[in-house]
Structure formats: C-alpha cells, structure tokens
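Note on naming: letters A, B, ... go to the chains in the order of the sequence lines (proteins, then strands), and numbering restarts at 1 for each one.
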Number of protein chains: 2
Amino acid sequence: MPGFSCGLDATLKVIAGKWKPLIIYFLLEAPNRYGELKRAVRGVSDKVLIQQLKELESDGIVVRTDYREVPPRVDYSLTALGRSLADALAPLSNWGAEHMEEVARVFAERDKWRRG
Amino acid sequence: MPGFSCGLDATLKVIAGKWKPLIIYFLLEAPNRYGELKRAVRGVSDKVLIQQLKELESDGIVVRTDYREVPPRVDYSLTALGRSLADALAPLSNWGAEHMEEVARVFAERDKWRRG
DNA sequence: CAGTATCCCCTGCGATACTG
DNA sequence: CAGTATCGCAGGGGATACTG
C-alpha cells in the first residue's frame, strides 16, 4: 500500500467507519462533550463511538481534552485538519438536505420489496 | 425508519458501499462502458461492481444504457441527480489530494504498529 | 460521566467459475 | 464484452454488563 489511487480514495480511507462523517460534521458546529456527542450521533454504541473517536484522533482529525475533574469531563473538538475535512463534508450534507424527500421515497420503495 | 436524522445522514445512505463514491466520481468525467469503469475502479470484482451499479441505478443516480449489440455494449452515466451528487463529492476529492502526504504518513504509522 | 470488557452476529465483500 | 451464480469468511459493528 504505497499511496492512494486518487484524492477521493485517500479521503474515503480517513472517513471509513459507519459514524465518522457524522462525528466530524457534528464537531464542526461546536466542541462537544462525550455525552453530547453520543446523543447527537443517534444509534451509536459507546464501544463504537469511542473506537472511531480514537481512530480520528490518531489520524489528526479530532483532539481529545481531558479536564481531569470528578465527575469526569472530556471534550472532543476538531483540529485544523479536521475542520477542513468537515468543510469538505458540508456539500454532502447540503445535497442530502435538498434531496431528502426524493431519497426517502426511493428507500421506502426498496424496503417495500424487501418485505414483500 | 421514517426519515433521516439530517442531510448528511441521507447522503451517507445513498453512497454507502465501498466503491460507490469512486464510481460516481469517475462517471462525472465521462460516461463509461462497463469495462472502462471496472479498470478505473481498481480492485473491485464484477459481482460487487454490478451490485453497486444496480443500487445506484435504482436510487436514481446512474442510468444504464444497453445498446443491444453483439458483442455486448453497455454504458453507465449519471442522471442529473447523480451529477449533483458527484459535484458534492468534489470537495472530498480535493481534500484528499491536498492532504494526501499527511494522510499517507498517518496510515503508514498505523500499519507499522499493526506489524510490530 | 466517560468510558472498558466481552461476546457474537451478520452482511458486505472477495474469489472463483461459468454464460449469452 | 458484460455480466450471473455460488461459496465462504473476516471484521466491523451491535448488545450487554461492568468500572474509576
């Protein structure tokens, strides 16, 4: 594995993981404490959320700050690199917002066939 | 599953699949015959390429044209919706191109630890 | 509150072989 | 050339219980 076949390929490897794009995008709006993040990213389990945060941290996308208080207080925010990545994610978010009904309709159809 | 939690969530469902973003992005540059597409998307198998193309087709992102010739000639291109999605993918591609070395370094580190 | 530690499933993906 | 048809598995992710 020397390099990547193209720029998109490189990006995809960084955001590989079911919840990573959502994590990154939520963190753009505000630094978040662990609990807030978990509520924002609906459906994710502790195990997976932590795991993906650790990967993003070691990839230089997010930074974890432990305030060493009791009760524990930790927050996550984006690095400069992470913010640039989140910005690149914004058009995807806008696309989804604009075409949400269309997309929802198509997926509803697909589910109908699966049931039938 | 009534809707999506946000725009990004909706988009992610459409591009879910290891090769879909690459497929969409390659198709933006030109309509492609099946064989060309397979060469462009390095490493994908026939089975998976066809499968993901069919999903993209039923999602209204790509259109398949069968010229009903012998030998077979089929090509794939983007719908208007697909082009708009590909455009939204462009910033991700640029991000990867700009930060490719940085990303490559981080992944090399990770591989080193896995080997050790 | 912010995590760890296990167990386990499932499905997405790859490899191979075959066809009109 | 452009696919289908099977087989098989790795590993990413979910559920649950527990902890400093």
Engineer: Give the ring-plane orientation class for A:Phe107 versus B:Phe4, where under 30° counts as parallel, over 60° as perpendicular and anything between as tilted.
Structural biologist: perpendicular

Engineer: Kindly say if B:Lys54 contacts the phosphate of D:dT4, meaning a side-chain N or O under 4.0 Å from OP1 or OP2.
Structural biologist: yes

Engineer: Mind checking if B:Tyr76 touches a base, just sugar-phosphate, or nothing, with heavy atoms under 4.0 Å?
Structural biologist: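 The answer is sugar-phosphate, as B:Tyr76 gets under 4.0 Å only of primed atoms, P, OP1 or OP2.
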
Engineer: Tell me whether A:Met100 is reachable from B:Ile15 by hopping between hydrophobic residues (I, L, V, M, F, W, Y) whose side-chain heavy atoms are closer than 4.5 Å.
Structural biologist: yes

Engineer: Using only side-chain N and O atoms of B:Arg73, determine if any of them is under 4.0 Å from OP1 or OP2 of D:dA2.
Structural biologist: no

Engineer: Roughly how far apart are A:Leu27 CG and A:Leu85 CG, rounded to 0.5 Å?
Structural biologist: 11.0 Å

Engineer: Figure out the CG/P separation between B:Asp75 and D:dA2, and round it to whole Å.
Structural biologist: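 After rounding, the reported distance stands at 9 Å.
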
Engineer: Just how far, in rounded Å, is C1' of C:dT4 from CG of A:Leu53?
Structural biologist: 15 Å

Engineer: Atom CZ of B:Arg64 to atom C1' of D:dG3: distance rounded to whole Å?
Structural biologist: 9 Å

Engineer: CZ/A:Arg83 to CD1/A:Ile61 distance, rounded to the nearest 0.5 angstrom?
Structural biologist: 11.5 Å

Engineer: Give the rounded distance in Å between these two atoms: CZ of A:Arg42 and P of D:dG14.
Structural biologist: 16 Å

Engineer: For B:Asn32 and D:dA2, what is the distance between atoms CG and P respectively, to the nearest whole Å?
Structural biologist: 11 Å

Engineer: Give, for atom OG of B:Ser5 and atom CG of A:Leu22, the distance between the pair rounded to the nearest 0.5 Å.
Structural biologist: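 The OG atom of B:Ser5 sits 6.0 Å away from the CG atom of A:Leu22.
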
Engineer: Working note: B:Leu92 + B:Tyr25, criterion side-chain contact (heavy atoms from CB on, under 4.5 Å); need CA distance, chi angles, decisive distance, verdict.
Structural biologist: CA-CA 10 Å; B:Leu92 247 43; B:Tyr25 201 59; over 6 Å; no

Engineer: Check each of B:Thr65, B:Leu53, B:Leu56, B:Asn32 against B:Tyr76 using the side chain to side chain contact (heavy atoms under 4.5 Å, CB included) test, and report the only one that passes.
Structural biologist: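 It is B:Leu53, the one option of B:Thr65, B:Leu53, B:Leu56, B:Asn32 that forms the side chain to side chain contact (heavy atoms under 4.5 Å, CB included) with B:Tyr76.
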
Engineer: Just how far, in rounded Å, is P of C:dG3 from CZ of A:Arg33?
Structural biologist: 10 Å

Engineer: What is the distance from CG of B:Leu37 to P of D:dC1, rounded to the nearest Å?
Structural biologist: 15 Å

Engineer: How many Å lie between CZ on B:Arg68 and P on D:dG3, as a whole number?
Structural biologist: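 To the nearest whole Å, that distance equals 11 Å.
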
Engineer: Once you build an axis from the first five pairs and another from the last five of the helix from C:dC1-D:dG20 to C:dG20-D:dC1, how far apart in angle are they, to 10 degrees?
Structural biologist: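 Taking five pairs per end, the axes differ by 60°.
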
Engineer: If you look only at distance, which donor and acceptor atoms sit under 3.5 Å apart when one is on a side chain in residues 36-45 of chain A and the other is two or more places apart or in another chain?
Structural biologist:
from	atom 1	to	atom 2	distance (Å)
A:Glu36	OE1	A:Arg33	N	2.8
A:Lys38	NZ	A:Asp46	OD1	3.4
A:Arg39	NH2	A:Gly35	O	3.4
A:Ser45	OG	A:Val48	N	3.4

Engineer: Quick test of your reading of the model: are A:Arg64 and A:Asp66 salt-bridged, counting only N-O distances below 4.0 Å?
Structural biologist: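 Between A:Asp66 and A:Arg64 there is a salt bridge, with a charged N closer than 4.0 Å to a carboxylate O.
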
Engineer: When you check every protein heavy atom under 4.0 Å of nucleotides 13-20 of chain C, what one-letter string (B, S, -) results, 5' to 3'?
Structural biologist: BBB----B

